[in-house]
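To start, the structure itself, in structure tokens.
Quick note: residue numbers are just sequence positions, from 1.
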Amino acid sequence: MDLAFLLHALIPSWFSVAILATFFTYLAIVGSVLPGKVVSGVILQDGTRLHYRCNGLLSLLVLVGLLGIGAKMNYISPTVISDRGLELLSTILAFSFLVTFVLYAAGCKSSNQGSSLKPHLTESLIHDWWFGIQLNPQCMGIDLKFFFVRAGMMGWLLINLSVLARSIQDSTVSRSMILYQLFCVLYILDYFVYEEYMTSTWDIIAERLGFMLVFGDLVWIPFTFSIQGWWLLSNKPELTTAAVIANCFVFLMGYLVFRGANKQKHVFKKNPKALIWGKPPKVIGGKLLASGFWGVARHCNYLGDLLLALSFSLPCGISSPIPYFYPVYLLILLIWRERRDEARCALKYKEVWAEYCRLVPWRILPYFY
């Protein structure tokens, strides 16, 4: 691929704008009208709490079904995303910048003093633009933070399905492609099955909505998490049966740790007396869970996330570092985030956090870090 072709492919078009506008419009409509469990968010500092309609799984299944019918009737090409990947990437990147500036301007004008919409301004415009100034900004009653992460996860699956369709058309489907696609489908479906758990994550309850989250949800998740699929379109590594089994083991271990840790935290926040691994939970200062996975490492869920990221890359073999961009990046990101989490928790919980650190000395990987 020469530079001229690459630059031309990156130019947004009205067609890519129409694709994204249709996608976002669909999510906004079905997110509001399709049935789903209404989940209460955590109690905010002002005593209020948001409510989330968790119908992401149904929204996703309906969308995939509609796209399948459209492809069957030749209304839409199943490879449209893989054919216009770079074009869609530049379009959604431009959209992310636009949205962030709108969020910043709207936040600056807000006089709302509630926890969700109160502006948090510093002396640095860049800092405020990057990290955001409002916790839970909304548009026409839609919580944008929850909406964007849902769009990113669905976008990841749609990219993968389009890449798979291109691989089928080109007769390049390999054992590696099947394994990668299977792992990603299971992970994404699991996310939407347990979508309510997202409401108690750090991103939702503590991070303000700025460019970091908007870019991360709309650009980084769908387009970097799918790098392995793009790479496998033009590469066909040979995997032994032993390698396949080992890869499945890494995925399973990652899933058990990731989902188990997040589930324990979510259940604990809803019911602090719920049993963990068959025993009453150990709680530090009446606030911090120190049982189960959270008694093994203070950010054990990050370990599960890293193992899952590695399992997405292992089907590509070891002939190129490109498919391993995602797990390497994620390692750096999670260590940075873990440091930020630790600083915030130390400030919030003070001596309770110090006691928790003494009881659980490991940050992510026991006996190593």
Side-chain angles (χ1 to χ4, degrees), residues 37-54 99-100 102-125 127-150 195-214 216-217 261-274 281 283-290 294 298-299 301-302 336-357:
K37 182 180 181 181
V38 177
V39 177
S40 300
V42 300
I43 300 176
L44 303 178
Q45 290 184 352
D46 61 358
T48 63
R49 62 197 312 171
L50 299 178
H51 296 86
Y52 303 89
R53 184 184 297 272
C54 295
V99 166
T100 308
V102 171
L103 286 172
Y104 179 82
C108 288
K109 294 180 179 180
S110 174
S111 58
N112 193 307
Q113 295 301 303
S115 295
S116 293
L117 300 177
K118 180 181 179 180
H120 296 267
L121 292 166
T122 68
E123 296 180 355
S124 172
L125 185 150
H127 178 278
D128 294 339
W129 172 78
W130 178 264
F131 289 105
I133 59 178
Q134 291 180 300
L135 183 62
N136 298 108
Q138 298 185 356
C139 178
M140 295 184 292
I142 298 173
D143 184 272
L144 293 178
K145 192 188 294 182
F146 196 68
F147 178 85
F148 287 151
V149 70
R150 175 182 286 185
E195 189 178 31
E196 67 175 277
Y197 292 178
M198 184 66 191
T199 63
S200 61
T201 61
W202 189 261
D203 282 356
I204 295 293
I205 67 177
E207 296 281 17
R208 293 186 289 274
L209 186 60
F211 184 77
M212 181 182 70
L213 285 187
V214 174
D217 291 340
N262 285 328
K263 184 175 183 179
Q264 286 177 355
K265 180 179 68 173
H266 183 80
V267 171
F268 174 73
K269 289 184 176 181
K270 296 291 184 180
N271 179 14
K273 296 183 179 181
V283 183
I284 306 299
K287 300 177 180 179
L288 300 178
L289 176 63
W294 302 95
R298 301 198 293 271
H299 305 274
N301 56 326
Y302 290 174
W336 174 65
R337 171 169 286 192
E338 170 262 320
R339 294 286 175 168
R340 292 175 60 227
D341 291 353
E342 294 268 329
R344 289 181 178 182
C345 289
L347 182 64
K348 180 178 180 180
Y349 297 110
K350 298 181 175 61
E351 65 276 359
V352 175
W353 180 255
E355 176 62 23
Y356 178 53
C357 291

query = Is it true that a side-chain atom of N301 and a backbone atom of N262 form a donor plus acceptor pair closer than 3.5 Å?
reply = no

task = Please list, chain by chain and in numerical order, all residues satisfying ring pair (Phe, Tyr, Trp, His ring centres under 6.0 Å) with W202, sequence neighbours excluded.
result = none

Residues forming a side-chain contact (heavy atoms from CB on, under 4.5 Å) with K118, sequence neighbours excluded = Q113, H120

key: Candidate pair E342 and R298, rule salt bridge (Lys or Arg N to Asp or Glu O under 4.0 Å), full reasoning   = CA-CA 9 Å; E342 294 268 329; R298 301 198 293 271; 2.9 Å; yes

request  = Search all heavy atoms of S115 against all heavy atoms of L44 and return the closest pair with its distance.
outcome  = CB-CB, 3.7 Å

task = Determine whether the aromatic ring centres of F211 and W130 lie less than 6.0 Å apart.
result = yes

ask   = Can you say whether the rings of F131 and H127 are parallel (under 30°), tilted (30 to 60°) or perpendicular (over 60°)?
value = tilted

request  = Mind checking the NE2-CE spacing from H266 to M198? Nearest 0.5 Å is all I need.
outcome  = 12.5 Å

query = So, W294 side chain and A261 main chain: donor-acceptor pair closer than 3.5 Å or not?
reply = yes

key: Under the salt bridge (Lys or Arg N to Asp or Glu O under 4.0 Å) test, residues paired with R344 that sit two or more places apart   = E207

inquiry  = Treating R49 as the side-chain partner and G41 as the backbone partner, does any N or O pair qualify as donor plus acceptor under 3.5 Å?
reply    = yes

query = Within the side chain of K145, is there an N or O that forms a donor-acceptor pair under 3.5 Å with the backbone of L209?
reply = no

inquiry  = Are more than 12 heavy atoms, taken from residues, nucleotides or ligands other than K270, located less than 6.0 Å from that residue's NZ atom?
reply    = yes

key: Over all atoms of both residues, closest heavy-atom pair of I133 and Y104   = CD1-O, 3.6 Å

message = Once salt bridge (Lys or Arg N to Asp or Glu O under 4.0 Å) is applied, do any residues pair with D46, and if so which ones, sequence neighbours excluded?
response = none

query = Is E195 paired with R150 through a side-chain N to carboxylate O contact shorter than 4.0 Å?
reply = yes

key: Axial cation check for W336 ring with R340, 6.0 Å and 45° limits   = yes

ask   = Can you name the salt bridge (Lys or Arg N to Asp or Glu O under 4.0 Å) partners of K109, sequence neighbours left out?
value = none

ask   = For V267 and A274, which heavy atoms make the closest approach, and how far apart are they?
value = CG1-CB, 3.7 Å

note = Distance col, row Q264:CD vs Y197:OH, nearest 0.5 angstrom, shows 10.5 Å

ask   = Short question: side chain of K350, backbone of L347 - any donor-acceptor pair under 3.5 Å?
value = yes

query = Is the backbone of G132 close enough, under 3.5 Å, to the side chain of R208 for a donor and an acceptor to pair up by distance?
reply = yes

query = Looking only at heavy atoms, what is the nearest atom pair of L117 and N136, with distance?
reply = CD2-O, 3.5 Å

message = With a 6.0 Å cut-off (strictly less than), is the heavy-atom count around CD1 of I43, excluding the residue itself, greater than 12?
response = no

key: Those residues that, when tested against F268, pass side-chain contact (heavy atoms from CB on, under 4.5 Å) (two or more places apart)   = P272, V283, L289

task = Look at the side chain of K287 and the backbone N and O of V352, then say whether any donor-acceptor pair between them is shorter than 3.5 Å.
result = no

ask   = When you look at NZ of K269, are more than 12 heavy atoms from neighbouring residues, nucleotides or ligands closer to it than 6.0 Å?
value = yes

ask   = Which atoms form the tightest heavy-atom contact between N112 and G114, and what is the distance?
value = OD1-N, 2.7 Å

inquiry  = So that I can tick it off, tell me whether R53 and D143 are bridged by a salt bridge, with the cut-off set at under 4.0 angstrom between side-chain N and carboxylate O.
reply    = no

message = Within this structure, what is the OG-CD1 distance for the pair S200 and I205, rounded to the nearest 0.5 Å?
response = 7.0 Å

ask   = What heavy-atom pair brings I284 and A290 nearest, and what distance separates the two atoms?
value = CG1-CB, 4.0 Å

